Amino acid sequence: MYSIKIFFGDWRKSMTDKERDLITDLSKCDFKPMNRYFMDLAEKNRNKTKEEKQKLKEANEAIINRTSGPLSGRGEHPKMGKLKKRIEAEDVIINCSKDSKIPQPPPGHKWKEVRHVNTVTWLASWTENVQNQVKYVMLNPSSKLKGEKDWQKYETARKLAKSIDKIRREYQQDWKSKEMKIRQRAVALYFIDKLALRAGNEKDEDQADTVGCCSLRVEHIELHEEKDDKNFVVVFDFLGKDSIRYYNEVPVEKRVFKNLQLFMENKKGSDDLFDRLNTQIMNKHLNELMEGLTAKVFRTYNASWTLQQQLDLLTNEDDTVAEKILSYNRANRAVAILCNHQRSVPKGHEKSMEKLKEKIEAKKDLIKDGERQVKDAQRDAKHGSVKEKMILDKKKKMLQRLKEQLTKLEIQETDRDENKTIALGTSKLNYLDPRISVAWCKKYDVPIEKIYNKTQRDKFRWAIDMAGPEYRF
DNA sequence: GTGTAGACTTAGTAGGTTTATG
DNA sequence: CATAAACCTACTAAGTCTACAC
């Protein structure tokens, strides 16, 4: 409701005087004819040829380029519905090298500025009006520059792998520190490491209320001396990035538990859990422990480490390729769960599961029938001729194929159901050192195409070129 | 220290396109 | 060939982190 008000306010600002006089109440606006018009149009367009559709698409893109819609932020965004201003050449800064061909603005327009700065990577930028943020045009992930950055990121994570034992010992020691600030830092770091929580920068009032580790409030955790036969359980329940809910019941060391009790003493639910801590303090400390270390490196490290562990645990040498891929997806899934990468249940999931079950039943019936046929053929072939033996052979092969199809379906069933609320893409693209996956493919003789699609192979070209067993994580 | 702008990475969704299946 | 499902891409919001001013 709030966002509708904002939208209407912004819409009125963009109206002509005449329109403003006429349109004073959004609830009196009837958009149904408009909706009907576009539905009809869509219906008509459905039957058009490929070329016609392409043309329409281009025409629509041109319209979209000239207009802008309301902001649709995620979660309870205070500015939801505010109208975004359309961007003109006059808003855009171009950044390119001096000796390059400078792109031309549309006829009758001028760029805001053309600069030649080689310490940044963006090609164009402008400021978006709703949140007053700078937006950029940047290079594709498959570019050499981004590839190099990606490689660096995983190199830092591998470096952390080497000092993680020491770092863990150290923060465990700090749980006992006399200084409150250090204790808080040590407990927060434990969460970042163990639970792969995000750093948790402070946010403005005009953004959705979401938190990460350093910005956790007292109301986001519950302490239980005992829960479901486990001792010292912390229950996390908060909205993280993109307002995705993080819920986790975690048994922790007694010392952590006691510290949390201490941090919560005499505080309201809306108070900061770590009142002596923020991300700058955390990252400054981390950088002293290891060059290049920041909070997010722990997420990368733990994600890649988990993938390697799970792959080792789940893959069997003599499995079929389909079974190996299921194992890979399960390892990937373990990482997605760790990083809390969620998605909404795909629409029609329930129905598609039912259909799959029906298919499986049908296949089982076919197999039963096939077994009967093989038996009959065996009897015929016992004293029979060459021809009858050939029939038996055929039937046996048929049965074998049916059985393979059944396992494939069953694998599909588990895979789909286990995946219904979990998004694998984000971890695959941003957290898993591709060299682990490539090395695994080589070891178990799985074609890389089964793991990475074309875009992904382009992005990870740097890893595909170099990876071998030495890149185990 | 604290606040803010700028640069860059990480995130989920919509919806079109390709592929599988019967 | 039709349909359904899987796959893929574009989009852009929402994080992280650094640098710099005060």
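Letters A, B, ... mirror the listed sequences (proteins, then strands); counts begin at 1. A quick note: this is a predicted structure, and the numbers were derived from the prediction, not measured. Just so you know, these numbers use all the heavy atoms, side chains as well, and skip hydrogens, waters and symmetry mates.
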> Among B/dT13, B/dG6, C/dG15, which nucleotide sits nearest the side chain of A/Val134?
Replying inline: B/dG6
> Given that A/Asn278 and A/Met138 both sit by DNA chain B, which one's nearest nucleotide is further toward the 5' end?
Replying inline: A/Asn278
> Under 4.0 Å between a side-chain N/O of A/Lys284 and OP1 or OP2 of B/dG1, yes or no?
Replying inline: no
>> Distance alone, cut at 3.5 Å: any donor-acceptor contact between the side chains of A/Lys203 and A/Ser215?
In response: no
> Nearest to the side chain of A/His341, which nucleotide is it out of B/dA7, B/dG12, C/dA14?
Replying inline: B/dG12
> How is A/Gln342 classified with respect to the nucleic acid when contacts are heavy atoms under 4.0 Å: base, sugar-phosphate, or nothing?
Replying inline: sugar-phosphate
> Roughly how many Å is it from CG in A/Leu197 to P in C/dG15, rounded to a whole number?
Replying inline: 14 Å
> Taking CG from A/Leu424 and P from B/dT13, how many angstroms apart are they, rounded to a whole number?
Replying inline: 14 Å
>> Using the ring centroid of each side chain, check whether A/Tyr247 and A/Phe238 are separated by less than 6.0 Å.
In response: no
>> Please enumerate all residues that pass side chain to side chain contact (heavy atoms under 4.5 Å, CB included) together with A/Glu179, with sequence neighbours excluded.
In response: A/Ser177, A/Lys181, A/Ile182
> Is any side-chain N or O of A/Lys241 closer than 4.0 Å to OP1 or OP2 of C/dA13?
Replying inline: no
> In whole angstrom, what separates A/Asp204's CG from B/dG6's C1'?
Replying inline: 15 Å
> Between A/Thr127 and A/Ala423, who's closer to the 5' end of DNA chain B by nearest nucleotide?
Replying inline: A/Thr127
> Reading nucleotides 16-22 of chain C 5' to 3', which nucleotides get B (base under 4.0 Å from a protein heavy atom), which S (sugar-phosphate only), which -?
Replying inline: BBS----
> When the nearest nucleotide of DNA chain C is assigned to A/Ser243 and to A/Gln456 on a heavy-atom basis, which residue is associated with the more 5' position?
Replying inline: A/Gln456
>> Taking any heavy-atom pair under 4.0 Å as a contact, classify A/Gln131: base, sugar-phosphate, or nothing.
In response: sugar-phosphate
>> Using whole Å, what does the distance between atom C1' of nucleotide C/dT12 and atom CD of A/Gln133 come to?
In response: 10 Å
> Parallel, tilted or perpendicular: which fits the ring planes of A/Trp462 and A/Phe460, with parallel below 30° and perpendicular above 60°?
Replying inline: perpendicular
>> Quick check on B/dT9: is either OP1 or OP2 less than 4.0 Å from any side-chain nitrogen or oxygen of A/Asn430?
In response: no
> Between A/Arg299 and B/dA11, is there a side-chain N or O to OP1/OP2 distance below 4.0 Å?
Replying inline: yes
>> Nearest 0.5 Å, please: how far is CH2 in A/Trp151 from OG1 in A/Thr156?
In response: 9.0 Å
> Can you find a side-chain donor-acceptor pair between A/Thr279 and A/Asn201 that sits under 3.5 Å?
Replying inline: yes
> Please give, in whole Å, the distance from B/dT10 P to A/Arg343 CZ?
Replying inline: 21 Å
> Across the strands shown, which category fits A/Lys203 at heavy-atom distances under 4.0 angstrom: base, sugar-phosphate, nothing?
Replying inline: sugar-phosphate
>> Tell me the interatomic distance from A/Asn340, atom CG, to C/dG15, atom P, rounded to whole angstroms.
In response: 13 Å
>> If you compare every side-chain N and O of A/Thr121 against the phosphate oxygens of B/dA7 (OP1, OP2), does one of them come in below 4.0 Å?
In response: no
>> For a quick test of reading the model: is some side-chain N or O of A/Thr455 closer than 4.0 Å to OP1 or OP2 of C/dC8?
In response: no
>> Over all strands shown, is A/Gly240 touching base, sugar-phosphate only, or nothing at heavy-atom distances under 4.0 angstrom?
In response: sugar-phosphate
> Can you check whether A/Val187 reaches A/Phe274 side chain to side chain, under 4.5 Å on heavy atoms?
Replying inline: yes
>> For B/dC8 and A/Lys146 - does any side-chain N or O of the residue sit under 4.0 Å from the phosphate oxygens OP1/OP2?
In response: no
> Side chains of A/Asp319 and A/Tyr444: do they bring a donor and an acceptor to under 3.5 Å?
Replying inline: no
> Does A/Tyr431 have a side-chain nitrogen or oxygen under 4.0 Å from the phosphate oxygens OP1 or OP2 of B/dA11?
Replying inline: yes
> Counting just side-chain N and O atoms, does A/Thr210 come under 4.0 Å of either OP1 or OP2 of C/dG15?
Replying inline: yes
> Could you give the NE2-to-P distance, from A/His349 to B/dT13, as a whole number of Å?
Replying inline: 15 Å
> Would you say A/Ser344 reaches B/dT13's phosphate, i.e. side-chain N/O to OP1/OP2 under 4.0 Å?
Replying inline: yes
> Mind checking whether A/His220 and A/Tyr246 have ring centres under 6.0 Å apart?
Replying inline: no
>> Rounded to whole Å, how long is the line connecting atom OH of A/Tyr246 with atom P of C/dG15?
In response: 16 Å
